[in-house]
Amino acid sequence: MSLHAQYPQLEWTDRAAQAVGTEFTGVSSAACFTGPISYNKSFYNVSYQLGRQARDNLTLLNATTLGFQTYGIAQDSVNHFMDILRLRGVPTAAGPLRSQRYSDNGSVMGQLRLLAADVLDRTVVSMTVTGNWSRQSPVGGGATQLESASGDRVNYGGNLPAAATAAT
Amino acid sequence: MPPRSSSLDSFVRRSWLGLALIGAITAADPRGLHAQGTDVIRGRVTNTEGLPLPGVRVTATSIPGNITREIRTNNQGAFQIAFPNGTGDYIMGYALIGYNFRQFEIKRVADEDVLIADARLSVVQLDTIVSTASNQQRVNRNQQTPDVSGTERAIATANLPPELQGDIAAMAASLPGVTLIPGLDGQQDGFSVLGLGADQNSVTLNGQQIGGNNLPRDAQIQSSLSTSPYDGSRGGFSGGNFNIRPGSGRTSARAE
C-alpha cells in the first residue's frame with residue numbers, strides 16, 4: 001500500500017523547463033490485497049493503482065517569451081501568427097481555456113488461484129484479470145499549439161486470461 | 001722314527017678335546033636344547049590405556065624357515081602360538097583395524113619355556129581428509145526464467161521511480177539495450193529493442209498475450225524481458241517479449 005505525491009517545489013528544473021510546463025503535480029495511490037478464500041485451497045490477489053498528474057497547459061495563447069524561445073520560436077513570430085488568425089477569423093480555442101493539463105491513470109490486477117481438493121493432485125487453476133485506463137485532458141503538444149488543436153484522449157484496456165497447470 | 005702308537009694317541013686326545021669343546025659350547029647355547037623342542041609364544045595385546053584388544057590378528061614368523069602362524073586374540077586380548085621344532089627367533093606382527101600395525105622380533109635369550117610377546121597398539125591418527133568435488137549446478141525447479149538462451153532478463157522495479165513502477169515500457173527500458181519511446185499526445189509509452197518499433201513487441205501474462213501498458217505498482221508480479229528466446233513456443237514478436245508472472249495469494253490475508 002503506497003501513496004506517492006510529487007510537487008513542483010520538489011523538482012529541480014531551470015527557468016526554461018518551467019516556461020514549457022515541465023513541472024507537474026502528481027499523486028497516486030496503490031495497494032495490494034491478498035489472502036486465502038479457502039485455507040490452502042483458493043487464494044486471491046488484487047491490486048490497484050489510481051493516479052493523476054497536473055501541469056500547466058501552455059499553448060500559443062499563454063506561453064511566455066522564454067517558453068517560445070525554448071522551442072526556438074521568437075515572440076514576434078507568435079504575435080504575427082496570432083494576428084493572421086484574428087484577421088482571418090480562425091478560432092484559437094474550441095471551448096473554455098483550460099489552465100491545467102491532466103493525465104489520469106488507473107489500473108487493476110486481480111488473480112484467483114484454485115488448488116485441487118486432492119492434495120496429491122497438483123493441478124492449479126488460475127485466472128487473472130487486468131485492466132487499465134488512462135485519460136489525458138487536454139491532449140497537448142505544448143507551447144507550439146493552440147488550444148483548439150487538441151482534444152481529450154482516453155485509453156481503455158483489459159484482459160482476462162485463465163490457465164490451468166498441473167505440476168508433476 | 002717315532003712310535004706309531006703315540007701319534008695315534010695324540011690324535012685321539014685332540015679329537016676328544018674337540019668333542020668336549022663342542023659339547024661345552026652346545027651346553028652353553030640354550031638354543032641348542034630347544035632347537036628340536038616346541039616353542040610356545042604367549043602374549044596379551046592391549047591398547048595404550050591398557051585395555052585388552054580382542055580380535056587382533058597376531059602372526060609369528062620364524063626367521064630361519066620363514067614359517068608363519070596366525071591367530072586372533074581372545075576377549076582378554078591374549079593369544080598363544082605353538083611352533084613345533086621352533087627356532088627361538090620370530091618376527092611378531094599385530095594388526096587390528098583402527099590401530100597402527102606393530103611388528104617386532106622376539107628371540108630366546110635364555111632357557112625360557114615360554115616366549116612372551118606382549119604388545120600395545122596405538123590408535124591410528126588420521127590425517128585431515130580434504131574432499132573436493134565439482135559443484136554441479138542443477139536446474140532450479142522454481143526458476144522464474146525458463147528461457148535458457150540467456151536473453152531473458154529479470155526486471156527490478158525497485159530501480160524505477162514510483163510514478164514509473166507500473167509502466168511496462170519504463171520497466172522494460174530500465175534494462176540496457178532497451179529504449180523508451182515516450183507516448184505523444186496522450187498515447188501510451190512504448191519501448192524499442194534493436195531499433196525496432198514498439199509495435200514489434202509483445203506483452204504476455206503467464207505466456208498469454210495481453211494488451212495494456214500499465215500495471216499497479218504494488219502488484220505482486222515478477223517481470224522479465226526476453227529479446228531472442230531459444231524456446232520455439234515463444235513468438236509473436238521481433239523486438240522484445242515482456243512477460244508478467246503474477247504472484248500467488250498468501251495463506252493469511254494482508255494488505256501490502
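Naming: A, B, ... by sequence-line order, numbering from 1 per chain.
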Let me confirm one number: the [atom1]-[atom2] distance from [X] to [Y], rounded to the nearest 0.5 Å.
X         : Y         : atom1 : atom2 : value
Asn155(A) : Gln188(B) : CG    : CD    : 4.5 Å
Thr130(A) : Ile210(B) : OG1   : CD1   : 4.5 Å
Gln208(B) : Leu160(A) : CD    : CG    : 9.5 Å

Quiz item: When only heavy atoms count and the cut-off is under 4.5 Å, which of residues 156-171 of chain B reach chain A?
Solution: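 Heavy-atom contacts from residues 156-171 of chain B to chain A are Pro162(B), Glu163(B).
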Quiz item: By ring-ring contact (aromatic ring centres under 6.0 Å, His included), which residues pair with Tyr7(A), not counting sequence neighbours?
Solution: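 Listed in chain order: nothing, the list is empty.
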Chain B contact via [X] - side chain, backbone, both or neither, heavy atoms under 4.5 Å:
X         : result
Asp152(A) : neither
Tyr39(A)  : side chain
Ser38(A)  : neither
Val46(A)  : neither

Got more than 12 heavy atoms from elsewhere within 6.0 Å of [atom1], [X]?
X         : atom1 : result
Tyr156(A) : OH    : no
Phe81(A)  : CZ    : no
Met127(A) : CE    : no
Ile97(B)  : CD1   : no

Check whether any side-chain heavy atom of [X] sits under 4.5 Å from a side-chain heavy atom of [Y], and report yes or no.
X         : Y         : result
Asn159(A) : Leu205(B) : no
Asn214(B) : Gln49(A)  : no
Pro161(A) : Asn206(B) : no

Quiz prompt | Closest non-hydrogen atom pair, Met109(A) against Ala219(B) | solution =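 Nearest heavy atoms, Met109(A) then Ala219(B): SD-CB, 4.0 Å.
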Exercise. Not counting sequence neighbours, which residues clear side chain to side chain donor-acceptor pair (under 3.5 Å) with Thr25(A)? List them please.
Key: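 Counting only residues at least two positions away or on another chain, Thr25(A) forms no side chain to side chain donor-acceptor pair (under 3.5 Å).
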Quiz item: Arg113(A): what forms a salt bridge (charged side-chain N to carboxylate O under 4.0 Å, His left out) with it, not counting sequence neighbours?
Solution: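 Arg113(A) satisfies salt bridge (charged side-chain N to carboxylate O under 4.0 Å, His left out) with no residue once adjacent residues are dropped.
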Quiz item: Most heavy-atom pairs under 4.5 angstrom with chain B, which of Gln6(A), Gln111(A), Gln53(A)?
Solution: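 That would be Gln111(A).
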Quiz item: So which of Gly131(A), Ala30(A), Gly157(A) has the biggest tally of heavy-atom pairs under 4.5 Å with chain B?
Solution: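 Of the candidates given, the most pairs with chain B belong to Ala30(A).
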Quiz prompt | Polar side chain donor-acceptor pair, Asp218(B) to Ser47(A), under 3.5 angstrom | solution =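 Judged by distance alone, the side chains do not pair up.
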